[in-house]
Structure formats: C-alpha cells, structure tokens
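Notes follow the structure.
Just so you know, these numbers come straight off a predicted model, no measurement behind them.
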Amino acid sequence: QVQLVESGGGLVQAGGSLRLSCAISASIIIRSINHMGWYRQAPGKQRELVAIIRSGNSANYADSVKDRFTISRDNAKNTVYLQMNSLNAEDTGVYSCNVFITALNYNQYDSWGQGTQVTVSS
C-alpha cells in the first residue's frame with residue numbers, strides 16, 4: 001500500500017556530491033507524512049540515522065554529516081531528498097529511505113525503501 005522508490009546513488013570520488021531522492025507511491029489516501037528520513041549501513045556496521053525531517057520541516061542530522069548533507073522534502077511530490085556534498089570514504093554504504101505516514105483512516109505506515117548504494121572512492 002506504501003512503496004518508496006529511491007534513486008540517485010552511485011560511485012563518486014571523494015570531495016564530490018550526490019543527490020538521493022525517495023518518492024512515495026501509495027494506494028492509500030495520505031492524511032499526513034509525519035517524518036521522512038535517510039539511514040545508511042556501511043559494511044560490517046549497524047544501520048545509522050543520517051538525517052530526518054519532520055512535518056514542520058525541522059531536521060536533525062548525524063554529527064558526521066552536519067554541514068555537508070542537507071535533507072529536504074517536496075510535499076507536493078511526496079518526495080524527500082538528501083543532498084550530499086564533500087563526500088568521503090566513510091560515507092560509503094547502502095542508503096535507505098524511511099517514512100512514517102498517517103492515512104486518512106488513521107492507519108499508520110512505517111515504510112522502508114529498498115536501499116541505494118553510495119560508494120565514495122578515495
């Protein structure tokens with residue numbers, strides 16, 4: 001009923017930039033999108049929160065990406081973006097989108113994207 005379609009990953013040299021996108025495709029009527037976030041999992045490490053943006057557009061970032069990454073959302077397109085600048089090797093990993101949605105009937109959905117690989121070469 002809720003699917004997330006991610007795009008924008010790839011291979012980039014250190015110091016470069018990438019922009020990830022995550023679009024919501026839903027067969028339900030959305031009352032509100034409570035929050036939208038990006039997580040990443042590096043090889044051999046646990047998944048960690050990279051950035052999250054809430055319905056009031058307040059955002060939080062992992063300390064390791066502050067001042068380099070920017071999360072934003074386009075409510076008209078039900079899409080969340082992650083602009084990643086000054087990438088370094090430690091940013092390598094699988095980036096996954098997560099959204100928390102309240103439907104018109106007040107059912108709630110905590111959905112994950114399939115993940116997109118980001119590889120930063122040094």
Side-chain angles (χ1 to χ4, degrees):
Q1 289 177 305
V2 177
Q3 290 184 318
L4 305 181
V5 181
E6 300 165 347
S7 60
L11 173 64
V12 64
Q13 288 188 333
S17 299
L18 282 174
R19 188 192 194 207
L20 305 182
S21 299
C22 173
I24 299 171
S25 175
S27 60
I28 58 169
I29 299 174
I30 297 173
R31 175 179 295 274
S32 63
I33 300 173
N34 302 72
H35 64 251
M36 309 174 85
W38 288 96
Y39 291 72
R40 69 184 179 192
Q41 187 166 21
K45 294 187 177 180
Q46 289 189 328
R47 184 169 60 191
E48 64 172 346
L49 175 66
V50 177
I52 188 168
I53 186 166
R54 298 175 182 81
S55 57
N57 274 342
S58 64
N60 291 97
Y61 297 89
D63 287 342
S64 60
V65 307
K66 281 180 181 177
D67 300 323
R68 297 189 299 123
F69 290 13
T70 302
I71 189 170
S72 61
R73 59 192 286 174
D74 185 331
N75 292 328
K77 295 181 179 180
N78 285 341
T79 299
V80 61
Y81 305 97
L82 185 67
Q83 178 65 44
M84 306 185 292
N85 299 328
S86 302
L87 287 160
N88 57 58
E90 288 68 41
D91 296 317
T92 293
V94 177
Y95 285 68
S96 299
C97 174
N98 170 251
V99 299
F100 193 90
I101 292 170
T102 299
L104 189 63
N105 63 3
Y106 292 99
N107 285 347
Q108 294 183 320
Y109 299 83
D110 186 5
S111 300
W112 290 85
Q114 78 282 3
T116 185
Q117 177 69 43
V118 171
T119 303
V120 184
S121 62
S122 55

Evaluate the side chain to side chain contact (heavy atoms under 4.5 Å, CB included) criterion for residues Asn60 and Arg54: first the C-alpha distance (whole Å), next the side-chain angles of each, then the deciding distance (0.1 Å), finally the verdict. CA-CA 9 Å; Asn60 291 97; Arg54 298 175 182 81; 2.5 Å; yes

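Here the side chains of Glu6 and Leu20 are not in contact, with every heavy-atom distance at 4.5 Å or above. Put simply, the side chain of Thr79 does not reach to within 4.5 Å of the side chain of Ile24, judged on heavy atoms. At least one side-chain heavy atom of Ser32 sits less than 4.5 Å from a side-chain heavy atom of Asn34. Side-chain contact between Met84 and Val50 is absent, with no heavy atoms from C-beta onward closer than 4.5 Å.
Screening residues 21-85 for disulfide (SG to SG under 2.5 Å) gives Cys22-Cys97 as the qualifying pairs, with residues at least two apart or on separate chains. The list of ring pair (Phe, Tyr, Trp, His ring centres under 6.0 Å) pairs with a residue in residues 26-71, not counting sequence neighbours, reads His35-Phe100, Tyr39-Trp112.
The shortest heavy-atom contact between Gly37 and Ile71 is CA-CD1, 4.2 Å. Smallest separation of non-hydrogen atoms from Ala14 and Ser122: CB-CA, 4.2 Å.
With rounding to the nearest 0.5 angstrom, the CZ atom of Arg40 is 9.0 Å from the OG1 atom of Thr92. With rounding to the nearest 0.5 angstrom, the CG atom of Leu82 is 9.5 Å from the CG atom of Leu18. From Asn75, atom CG reaches atom CE of Met36 across 7.5 Å, with rounding to the nearest 0.5 Å.
Formation of a donor-acceptor pair under 3.5 Å by the Arg31 side chain with backbone atoms of Thr102 is not found in this model. Side-chain atoms of Gln41 do not come within 3.5 Å of backbone N or O of Val94 as any donor-acceptor pair. In this structure, Thr116 contributes its side chain and Tyr95 its backbone to no donor-acceptor pair below 3.5 Å. Asn98 places a side-chain N or O within 3.5 Å of a backbone atom of Ser111 that can act as its donor or acceptor partner.
For the side-chain contact (heavy atoms from CB on, under 4.5 Å) test, residues two or more places apart in sequence or in another chain that qualify with Ser7 are Ser21. Evaluation of the side-chain contact (heavy atoms from CB on, under 4.5 Å) rule for Gln1 yields Ser27, Ile28, Tyr109 as partners, not counting sequence neighbours. Every residue was checked against the side-chain contact (heavy atoms from CB on, under 4.5 Å) condition with Asp67, not counting sequence neighbours, and none meets it. With sequence neighbours excluded, the residues satisfying side-chain contact (heavy atoms from CB on, under 4.5 Å) with Ser17 are Gln83, Asn85.
Surrounding CD of Gln114 are more than 12 heavy atoms belonging to other residues, nucleotides or ligands, all under 6.0 Å away. Counting heavy-atom neighbours within 6.0 Å of Ile29 CD1, excluding the residue itself, gives a total of 12 or less.
Tyr81 and Ile33 are not part of a single hydrophobic cluster, where members link through side-chain heavy atoms under 4.5 Å apart. Note: the hydrophobic cluster containing Ile52 does not contain Val99 (ILVMFWY, side chain heavy atoms under 4.5 Å, direct or indirect links).
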